[in-house]
There are 2 protein chains.
Amino acid sequence: MPARSSPASQAARPTAGKAATINDIARLAGVSKKTVSRIINNSPLVRKDTREKVEALMREVGYTPDPLARGLAFRRSFLIGMVYDNPTAQYIVDMQYGALDALRESGFELVVHPCDTRSPGYIDGVRRFVQQQKLHGVMLIPRASEDQNLVDMLAETGCRYTRIVPVGFDDRDGRMIVTHDRDGAAEAADYLLTLGHRDVALITGPLAYRSAIERTEGFVGTFAKRGIEVPKSRIIEASYTFESGVAAAEKLLAGKQRPTAIFCGNDEMAAGVYKVAMRAGISIPRDLSVIGYDDSPLAARLWPSLTSVRRQTRDTGRIAATMLIRPDNGPLPVASVRPHLIVRDSCQPPA
Amino acid sequence: MPARSSPASQAARPTAGKAATINDIARLAGVSKKTVSRIINNSPLVRKDTREKVEALMREVGYTPDPLARGLAFRRSFLIGMVYDNPTAQYIVDMQYGALDALRESGFELVVHPCDTRSPGYIDGVRRFVQQQKLHGVMLIPRASEDQNLVDMLAETGCRYTRIVPVGFDDRDGRMIVTHDRDGAAEAADYLLTLGHRDVALITGPLAYRSAIERTEGFVGTFAKRGIEVPKSRIIEASYTFESGVAAAEKLLAGKQRPTAIFCGNDEMAAGVYKVAMRAGISIPRDLSVIGYDDSPLAARLWPSLTSVRRQTRDTGRIAATMLIRPDNGPLPVASVRPHLIVRDSCQPPA
DNA sequence: CTGAAAGCGCTTACAG
DNA sequence: CTGAAAGCGCTTACAG
């Protein structure tokens, strides 16, 4: 059989149907595949002109390395996991958008993993997710991010992670983004103080979560600084749901001694306050001022539109993902995101 | 060097730190790795007792095949992509939950890919996503699912897909889930007719989308069957946003000749109607009945709570993902999901 | 700065 | 029904 029809000489260029591989690039460029590999991985051990020649070729051929093959050799995939236990759809979607902002053109993809932190096996579920997929890293979203058992498991398996948490968590590794909830609540309190409110109430999320504690302390503390104590009877612990907001509002708005303003731990519960007030003929904001937290789509759609504390959710997601795909995995400075008040139509000075 | 300390004899059991591989299982079970591979892939060409023995061993060791290695050999990953261009967060999250219901314990994971169908390069973006990740399949969510160019690109690259679409799309391949929007709108119309409404109005989504057309025709057609024509002046095309709902409602509610009821193509626009009505002192439902579409969280949180058409979003996502991971890739019967009306407090007979 | 060999953990194609 | 060889497209470990 004549040697000239050897497969090697036929495959001088990759076929249109099949994608080019590292071998094609190496052969076409006249270098070893190891050199191509070095270029893919941004190794400094490549001469500049070699790098440029090969990179031009890769662009021309439209070559991108196969993440499956790279993952197998690296023993680590190019997938970022997002682990969350949060009922607020807009928050989750914003966080996903933010993460994808950072991941775009990076070769990494985002794999979603909602879970139920109250179910006993959930940590094992995350462990299997992380280990089977050989995840490059995971983003821990509130409230799952507050679970130290989850973080310990991740540290034990050696999986890198970033946590999105309020102030008050151990920051020795630096891989966290701190959401200054206290500041957001304080800004809401300042605003109400400025309007002249003195008799205010608070509907908080479950105080088992640090974020709920931070928001409560931020609000109550700001009034305390002005010498105004918010009495215990004006603070109701609810569960971040609409229904729990309704129940809390019913208590607060029952008697004659109503507060002139209510600050809610999220917009869902604020919507519950709206419902109770509307039903009772209590006019917002004339008879009652209301402030929410989250600045969810709900806030602008309620009537009157709801003043609320906006979180930088998309930015937060972007920062968290950026941390995970940094080439070096050393300690990082702790990142901070600050909430701020969006003033709409739900507050005015007390009557 | 004595032969007894050979690596092979030391590695009789996989180490605690390292996960077992197909080689460990094969050696421990006394079969070839090819036989283990057949068992992983549910090949019928394995004797029953061999299969049971090996499966027991895999459970005992806690073995799961590496999706990276399998993907490399198969030339296809174990990832399902979700491609969407939809602003409604709850809809997207529900669809993700549904897909994950189907993917749980299957070895597949869900990779999200939001995109902007109005940007010129978006189809190339999806193509790169699909090809680089060697996706097992993609779910096409409305409204991206209506884009024939997208579907054509996918067919060309050989990537399997499922589309979630209204009635009216080519179903030769069967890989679609039909969301009978027309029926949902008809049910809303029937309900208003039963309450006695005759002078009704309609705020639709962009009629460039088949789903908006279906909802419009379902509503108008049901009135037509009763001999009632909905005049063109009572039909306003908006863009599914809150703001566009506000603008449409302002037109419809301006003069003295107001309709007694308004059906909206989604809840966002219905919230816009609420805002305009509230501001104008038009009482819902006394002076005006309103129906939305989506049954989003907003519906229950508005006051009065909004009657709305519920879509089986989570079921839809589950069915779409189930289709994609079926072992056979042949033609399938077209799946159907039916919307239904959730009656709340926003409608009553006309004054 | 560059490369040849071996390996990551699976499957395909072939043989029996 | 079972298996030995080669290969998927990369990287690691070593050598130069």
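Convention: sequence-line order gives letters A, B, ...; per-chain numbering from 1. The structure presented is a predicted model; accordingly, all values stated were derived computationally and were not measured.
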Watson-Crick and G-U pairing of DNA chain C written in dot-bracket, each distance under 3.5 angstrom, with | for inter-strand partners: |||.||||||||.|||
Those residues that, when tested against B:E52, pass side chain to side chain contact (heavy atoms under 4.5 Å, CB included) (two or more places apart): B:K48
Sugar-phosphate, base or nothing in reach of A:F78, heavy atoms under 4.0 Å: nothing
A:T179 side, atom OG1; A:R163 side, atom CZ - distance, nearest 0.5 Å: 11.5 Å
d(CZ, B:R75; C1', C:dG9) in whole Å: 14 Å
Residue B:R47, side-chain heavy atoms: nucleotide from C:dT11, D:dC1, C:dT2 that is nearest: D:dC1
Separation of D:dT2 C1' from B:I22 CD1 (nearest whole Å): 14 Å
Which residues share a side chain to side chain contact (heavy atoms under 4.5 Å, CB included) with A:N86, sequence neighbours left out: A:T88, A:Y91, A:I92
Atom pair distance, as rounded to whole Å: CG in A:L72 and P in C:dA6: 18 Å
Distance below 4.0 Å between A:T50 side-chain N/O and C:dT2 OP1 or OP2: yes
Per B:A73 side chain, nearest of listed nucleotides D:dC8, C:dC8, C:dT2: D:dC8
Salt bridge (Lys or Arg N to Asp or Glu O under 4.0 Å) involving B:D315 - partner list, sequence neighbours excluded: B:R318
Selection: residues 30-46 of chain A, any non-hydrogen atom under 4.0 Å of DNA chain C: A:V31, A:S32, A:K34, A:T35, A:R38, A:P44, A:L45, A:V46
side-chain N/O A:R70 vs D:dT11 OP1/OP2, d < 4.0 Å: yes
Rounded distance (nearest 0.5 Å) linking atom CD1 of B:I177 with atom OG1 of B:T162: 5.0 Å
Presence of B:T21 side-chain N/O under 4.0 Å of C:dC8 phosphate oxygens OP1/OP2: no
Could you list the donor-acceptor pairs under 3.5 angstrom formed by side chains in residues 133-142 of chain B, with sequence neighbours left out?
unit_1: B:K134; atom_1: NZ; unit_2: A:D66; atom_2: OD2; d: 2.7
unit_1: B:H136; atom_1: NE2; unit_2: B:L324; atom_2: O; d: 3.2

